[in-house]
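Here is the structure we will look at.
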Protein chains: 2
Amino acid sequence: MPTRARRTQRRNQVLSREQIIDTAIDLLDTGGEGALTVRAMTDRLATGSGAIYYHVGNRDELLDTATETVITAALATKPARAAASPEDEIRAVALALFDAIAAHQWLATRLTLQIIRNPVGPVTVGIFERLGQQVGALGVPQPRWFDAASTLVHYILGAVSQNARVEGDTSGIDPDADREEFFDAASAAWQALDPEDYPFMHAIVGQIREHDDREQFLTGIAVVLDGLTNLR
Amino acid sequence: MPTRARRTQRRNQVLSREQIIDTAIDLLDTGGEGALTVRAMTDRLATGSGAIYYHVGNRDELLDTATETVITAALATKPARAAASPEDEIRAVALALFDAIAAHQWLATRLTLQIIRNPVGPVTVGIFERLGQQVGALGVPQPRWFDAASTLVHYILGAVSQNARVEGDTSGIDPDADREEFFDAASAAWQALDPEDYPFMHAIVGQIREHDDREQFLTGIAVVLDGLTNLR
DNA sequence: ACCTGAACACCGTTCAAGT
DNA sequence: ACCTGAACACCGTTCAAGT
């Protein structure tokens, strides 16, 4: 009769699941997916590998839980105050995801993976519900709600994933300088393409150089929202 | 003076780079990214690991080359005949990518990865050029070409990636039966969600069950195209 | 020039054993 | 109940050596 749970555990539980997830996220942020090794975890947490497996099952589950933690936090942004338009709500969610992936590069791959194989988890459901609740107010008729929400999710996740920066090679010292160099090299390469075969790339090199990822993302959302308005 | 290259090589070159890439693609298609191991390669090709490294550098490069091969082939679909509309052209490219990922599940992750870190390679450039050439005809003004093409690429790759099926667990015997079961379980889980908290998910369970991925994809493209028309 | 295959450093995961 | 850490099977990659 467990009316009162055994109060003193055998030993102080020194390792919590939460603690494990937090250091996992830390390792991922610092060195990308490759840096999340069981041994790196045991070093940081000063335990044996068994201790980790006692709490988390396996590496893949750890990755999924880390994803869930970050995304849930990102979605927890308060639904704006009172009179926000559906467009504003959608933009808020989209930008929250954009920023989450900017802060955690490894998320891009993992997020897609989770949506593919765990349509029932809090990540997939959370994103769909949050965005989906707005499409009605947007003027989309009921029978098209799923189509509309899917289009939004596809665009947002696609854009956000492709804006993630290079993973693994976080070895480079100054991230900004890296980005500059990266772009210089890319521009040069685009310029070098045969204009006969690649007229479009030639026409837009300048635009690529000057564009701002976040602004372009918002433009894309505006395009999709506009299109959804005409969905009958 | 190498006016005429040494005609007889020391030994018949028995292993070609192309051959290596082909078996890599085969392994990937059969068992997902996890199945592409150097040892599996040496078994299939009856060589030592060194032979493979002589031709390809490393595993990551092999994965990239495989991606390049498949995507290039997919894009090589002839640009429809004469009078195709820009919308038709875009749809043709989109569906080619859709089908490529359907046939090669591992592509989803790898394609995004390549676009992120190799903006200069044939994959990124090929996709952008092919789609981009149409946005002018669509009525998008020059200064917005990059925005328009990006929106298209983001949507298409997002949608196409999220339609990829579960990787790794190709262990299940009958893929169709699997899909059925998978959907039944998902539907049940969605039904079980609290309708107070998840009104949208409840409203669309039926739509999810009945929808067709490919059709929905085309709807999404129509939405984006429609939105692009108003991009000034 | 092209290939062999042993060797190396490093993985994720398990499990008997401890407290 | 919670943790330890040696052991296992398996990785990707290198490299001296062969032809």
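Each chain gets a letter, A, B and so on, in the order its sequence line appears, and its residues count up from 1.
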B:Glu61, CD atom: more than 12 neighbouring heavy atoms under 6.0 Å = yes
ask   = Counting only heavy atoms not in A:Gln19, do more than 12 sit closer than 6.0 Å to its CD atom?
value = yes
ask   = Considering Watson-Crick and G-U wobble pairs with both distances under 3.5 Å, what does D:dA7 pair with?
value = C:dT13
inquiry  = Strictly by Watson-Crick or wobble contacts shorter than 3.5 Å, is anything paired with C:dA1, and which nucleotide is it?
reply    = D:dT19
task = Please figure out whether A:Arg39 or A:Ala51 has its closest DNA chain D nucleotide nearer the 5' end.
result = A:Ala51
With the side chain of [X] defined as its heavy atoms from C-beta on, choose the nearest nucleotide among [options].
{"X": "A:Thr47", "options": "D:dT4, C:dT14, D:dT13", "value": "D:dT4"}
{"X": "A:Ser49", "options": "D:dG12, C:dA1, C:dT14", "value": "C:dT14"}
{"X": "A:Tyr54", "options": "C:dA1, D:dC3, D:dT13", "value": "D:dC3"}

Between [N] atom [atom2] and [X] atom [atom1], what is the distance in whole Å?
{"X": "A:Tyr53", "N": "D:dA6", "atom1": "OH", "atom2": "C1'", "answer": "15 Å"}
{"X": "B:Leu45", "N": "C:dC2", "atom1": "CG", "atom2": "C1'", "answer": "15 Å"}
{"X": "A:Met41", "N": "D:dT4", "atom1": "CE", "atom2": "P", "answer": "13 Å"}
{"X": "A:Ile52", "N": "D:dC2", "atom1": "CD1", "atom2": "C1'", "answer": "14 Å"}
{"X": "B:Leu36", "N": "D:dC10", "atom1": "CG", "atom2": "C1'", "answer": "15 Å"}
{"X": "A:Glu33", "N": "C:dC11", "atom1": "CD", "atom2": "P", "answer": "14 Å"}
{"X": "B:His55", "N": "D:dT14", "atom1": "NE2", "atom2": "P", "answer": "16 Å"}
{"X": "A:Arg59", "N": "C:dT14", "atom1": "CZ", "atom2": "P", "answer": "15 Å"}

Donor-acceptor contact present, side-chain B:Arg130 to main-chain B:Leu75, <3.5 Å = yes
key: Euclidean distance, B:Leu63 CG relative to B:Glu68 CD, rounded to 0.5 Å   = 12.5 Å
ask   = When we call it a touch if two heavy atoms are under 4.0 Å apart, what does A:Leu62 touch: a base, just sugar-phosphate, or nothing?
value = nothing
task = Fit a plane to each ring of B:Phe146 and B:Phe128, take the angle between them on a 0 to 90° scale, and name the class: parallel (under 30°), tilted (30 to 60°) or perpendicular (over 60°).
result = tilted
